Number of protein chains: 2
Amino acid sequence: MSKIDIISIAKALNLSKSTVSRAFKENSDINPNTRSRILAYANDLNYRPNHYASNLREQKSKTIAVVVPELSNNYFTQIIEGAEQTAKEAGYHTLIFATDDNVNKEREFITSISNGKVDGVLMSVVGEREDHSYLNNIDLEKMPIVFFDRVYDDIDITKILTDDYQSSFEATEHLIDANCRDIAYLVIDKEHSIGRERYLGYRDALQKHNIPVREDLIVNCSNSYDENFETIKYFLKNKKPDAVFASVERLAFSTYYVCSDLGLNIPKDLKIVAFSSLQIAALLSPPLSTVTQPAEQIGQEAARILLKKLKNEEVEGSKQIVLKSKLIIRRSSQL
Amino acid sequence: MSKIDIISIAKALNLSKSTVSRAFKENSDINPNTRSRILAYANDLNYRPNHYASNLREQKSKTIAVVVPELSNNYFTQIIEGAEQTAKEAGYHTLIFATDDNVNKEREFITSISNGKVDGVLMSVVGEREDHSYLNNIDLEKMPIVFFDRVYDDIDITKILTDDYQSSFEATEHLIDANCRDIAYLVIDKEHSIGRERYLGYRDALQKHNIPVREDLIVNCSNSYDENFETIKYFLKNKKPDAVFASVERLAFSTYYVCSDLGLNIPKDLKIVAFSSLQIAALLSPPLSTVTQPAEQIGQEAARILLKKLKNEEVEGSKQIVLKSKLIIRRSSQL
DNA sequence: TTGTAGGCGTTATCAA
DNA sequence: TTGATAACGCCTACAA
């Protein structure tokens, strides 16, 4: 299969390469007959324009990147799905990158793609307490970024969020209504981003009902499954809370395992509500009450905004878009 | 921020652009001092070589594509995770594409990237009964493809598979051991690829134990959740099988929902085993017995093979690599 | 070790 | 409507 490009096509058809090139562009001055001749011939040869040549010439790649802390998480996957779908419809390809919760990988990736590899980026960041000053060196005009879910508050970039405060407040209030008073809050990082917002909702709900906010009921977890299991086990044995509000899905799963280990009955001995996008939460034993974020929609919305920026359209409204989560009450939190 | 490229750097440092270019290559004849001068300066400016220029020049993109039927499926996500990880380690980026079980999208995507967009492809295909002759027009020397899981048997391409026949055989035998005789087989397409292999294992296990293989216990499902729910409900009510072997995870979930709807007790009234990569299968009610494929490993292995091909290294062994699945028995299939 | 120069495959400008 | 030509930014003979 000899190399085939616009030049060889031009030769074969007795045209110039400019004409051939024009045949592949939507609105260009070209005789419809010439165009169809070219397209027919090119099609026979299965020719496609070379991406790299076009990208180099046009200074754009028709590709966006989606950066997430981890891939093995339904929530992020659904977001990617939404983003990929929206991007696809607009003719964009999607590059995926998992930072593995490591800010160095995040920086390295963003920097490495910052010279034209992608036209724009959707990102859920590693963590605000990390040094993320590298972002100041990125030319955001050239490669716009849109944050979603986990964001750097101090960076002035459009953010797609969910109403974490409000839904945490409601979830906590729901547990209070279920007669819980010693409600634990399981979190990875209560000082920043989502961990913080969700904490505030939890705290304010307690305060509204005159329940003291006890530091010893805030459980700081990690990203290690084994560690969390031990942490939570130790905690449940010692503090004997009557409810657990998990700010992140996987902490709820760990809690389920610990309860099974300790012989605790959910919801009799311990009620649970968790942020979770698990589609089969209803099939768990017992069915898990969840605050479910509109994951796919987050992905779509983030992609939509990014694509607008790429088209240099004004992005409507504020730099912060807040989508609503849903509190779905199932047996794990019922009386 | 004015444009910055090797030329501007060269000027600033009183060097030629070739020297600057060399500074970014691993093994090139360049004075270490010159190199570090250049790198330091470039780093200050946050310069990265332009991907598209290098790619065009070098005719490679350091990017692979992963093509899957759907993204909202733990199994594929884990595979992607494995592939992305392996690719990342080798300095490759990962492009994701979901075909939405539509062979036209599959063809369109593969064709569109076939001229240099990516160096190679990992793909789990839409379905063998679809017309996939487009692959004959792809230059597999230029852009190698590795299949995984769902493959086109008639295309001569390296395939990463799991021991579907064997594990289906075992799963079925396990149900027989649990005193089941009317074992249903839930499948999307029993004629092809994985659906077929799994069917054969199921069939042969029955035959080995002198249990007749009944066509009316083979349930053909679709990709629509609602349809499957009705199909399975109708089936369970009419045929009253004592066990279900689901060749695909989501069919097991549907079965769970149907049982709950019909008031059937699992495993008392109906035992279930399913192909599933759900990490929290143990938390379901009841815990689901699974045939679990080594998803992440599939992704890693597929990427590893592809990367070898890209380096023009000989790929060892056969064109078919078979990984082992694990039968994990939980309560859903116990006496 | 460094510099010169040509070309990777396109697209855009300008002229015909 | 079509053709000639000059970029896009980089890499690599080859020469110095």
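This is a predicted model, so every value here is computed, not measured. Only this structure's heavy atoms are used, side chains among them; waters, hydrogens and symmetry mates stay out. Just so we're on the same page: letters track the sequence lines, and every chain starts at 1.
- Spacing between atom CZ of R22(B) and atom P of dT4(C) amounts to 11 Å, rounded to whole angstrom units.
- Look at CG on N33(B): it is 10 Å from P on dT1(C), rounded to the nearest Å.
- The interatomic distance linking K60(A) (NZ) with dC8(D) (C1') rounds to 13 Å, in whole Å.
- Atom C1' of nucleotide dC8(C) and atom CD of Q59(B) are separated by 6 Å, given to the nearest angstrom.
- Taking atom CD1 on I38(A) and atom P on dT1(D), their separation rounds to 13 Å, with Å as the unit.
- Looking at heavy-atom distances under 4.0 Å, I6(A) makes contact with a base.
- Taking only side-chain atoms of S18(B), from C-beta outward, the nucleotide of dC10(D), dA6(D), dT4(C) with the closest atom is dT4(C).
- Using a 4.0 Å cut-off between a side-chain N of Lys or Arg and a carboxylate O of Asp or Glu, R48(B) and E108(A) qualify as a salt bridge.
- Contact annotation: side chain of K25(A) to base of dT11(C), donor-acceptor pair absent below 3.5 Å.
- Atom P of nucleotide dT4(C) and atom CD1 of I7(B) are separated by 12 Å, given to the nearest angstrom.
- Between dT11(C) and Y52(B), no contact under 4.0 Å exists linking OP1 or OP2 to a side-chain N or O.
- A sub-4.0 Å separation between OP1 or OP2 of dC10(D) and a side-chain N or O of Y47(B) is present.
- Separation of the Y52(B) and H51(A) ring centroids does not fall under the 6.0 Å cut-off.
- For D100(A) and K88(B), the salt-bridge test passes: some basic side-chain N is under 4.0 Å from an acidic carboxylate O.
- Within 3.5 Å, no donor on the side chain of R57(A) pairs with an acceptor on the base of dA12(C), nor the reverse.
- With hydrogens and angles ignored, the 3.5 Å screen pairs no side-chain donor or acceptor of S8(A) with any backbone N or O of I4(A).
- The nearest whole Å value for the distance from the NE2 atom in H51(B) to the C1' atom in dG9(C) is 19 Å.
- Within the 4.0 Å cut-off from OP1 or OP2 of dC11(D), at least one side-chain nitrogen or oxygen of S21(B) is found.
- Checking P32(A) against L56(B), the closest nucleotide of DNA chain D that is more toward the 5' end is the one next to P32(A).
- Taking the nucleotide of DNA chain C with the nearest heavy atom to each of N115(B) and S16(B), the more 5' of the two is matched to S16(B).
- Nearest to the side-chain atoms of T34(A) among the listed nucleotides dT1(D), dC8(C), dG9(D) stands dT1(D).
- Counted by atom type alone, N55(B) and K62(B) present zero donor-acceptor pairs between their side chains at under 3.5 Å.
- Look at NZ on K17(B): it is 13 Å from P on dG7(C), rounded to the nearest Å.
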